[in-house]
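Structure, as structure tokens:
Everything quoted here is computed from the prediction, not taken from an experiment.
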Amino acid sequence: MNGVEFAVTGATTNKLKVLAGYTLMDGEIVESNNPLEVGSTMINTPKNSINLWSTYTLRRFYLGGGVRFVDDRYGNTSNTRKVGSYWTVDAMAAVPVH
């Protein structure tokens with residue numbers, strides 16, 4: 001499997017932190033005991049994945065949220081069953097314990 005991943009993280013202010021990432025994968029099967037699988041895509045290997053997450057410090061609390069995208073992928077090595085792409089939205093709140 002070949003691929004590349006990019007990630008950027010930083011603070012836009014001293015209260016707001018941001019993390020973003022992108023993954024591109026080529027999940028082609030190049031060798032297998034089953035010659036019919038060669039050239040197919042590996043199971044559960046999305047071509048594209050994207051995420052964006054941020055946290056904000058508000059007095060004694062941390063609030064955060066983000067989105068994630070996972071591209072469609074195959075559910076078997078013969079590539080006859082496709083699993084659809086999806087987005088998720090996440091949120092969090094935390095209180096530091098001293």
Connected-component partners of [X] among ILVMFWY, side-chain separation under 4.5 Å:
{"X": "I43", "result": "none"}
{"X": "V97", "result": "none"}
{"X": "V83", "result": "none"}

Response to the item:
The salt bridge (charged side-chain N to carboxylate O under 4.0 Å, His left out) partners of K15 (sequence neighbours excluded) come to none
Output all residues satisfying side chain to side chain contact (heavy atoms under 4.5 Å, CB included) with [X], sequence neighbours left out; order by chain, then residue number.
{"X": "L58", "value": "Y56, L63"}
{"X": "Y86", "value": "R68, V70, R73, T88"}
{"X": "S78", "value": "N76, T80"}
{"X": "A94", "value": "Y62, M92"}

Worksheet item: Mind checking whether V4 and T23 have side chains closer than 4.5 Å, heavy atoms only?
Response: no
Can you name the side-chain hydrogen bond (donor to acceptor under 3.5 Å, both in side chains) partners of [X], sequence neighbours left out?
{"X": "D90", "result": "none"}
{"X": "T41", "result": "none"}
{"X": "N51", "result": "none"}

Discussion item. Is the ring pair F69/W87 parallel, tilted or perpendicular, if the boundaries are 30 and 60 degrees?
Written reply: tilted
Worksheet item: Would V30 end up clustered with M25 when hydrophobic side chains under 4.5 Å apart are linked, directly or stepwise?
Response: no
Worksheet item: Does the side chain to side chain contact (heavy atoms under 4.5 Å, CB included) test come out yes or no for L24 and N48, once each step is laid out?
Response: CA-CA 5 Å; L24 173 66; N48 300 286; 3.6 Å; yes
Could you list the donor-acceptor pairs under 3.5 angstrom formed by side chains in residues 32-40, with sequence neighbours left out?
from, atom 1, to, atom 2, distance (Å)
S32, OG, N34, N, 3.0
S32, OG, N34, O, 3.3
S32, OG, E37, OE1, 2.7
N34, OD1, L36, N, 3.0
E37, OE2, T77, OG1, 2.7
S40, OG, E37, O, 3.3
S40, OG, T77, O, 3.2

Practice prompt. Begin from the C-alpha positions of T55 and L19 and carry the test side chain to side chain contact (heavy atoms under 4.5 Å, CB included) through to its verdict.
Written response: CA-CA 9 Å; T55 58; L19 167 71; over 6 Å; no
Worksheet item: If you measure from the Lys or Arg side-chain nitrogens to the Asp or Glu carboxylate oxygens, is any gap between K47 and D71 under 4.0 Å?
Response: no
Practice prompt. Only one of N79, N44, T45 passes side chain to side chain contact (heavy atoms under 4.5 Å, CB included) with Y74; say which it is.
Written response: N79
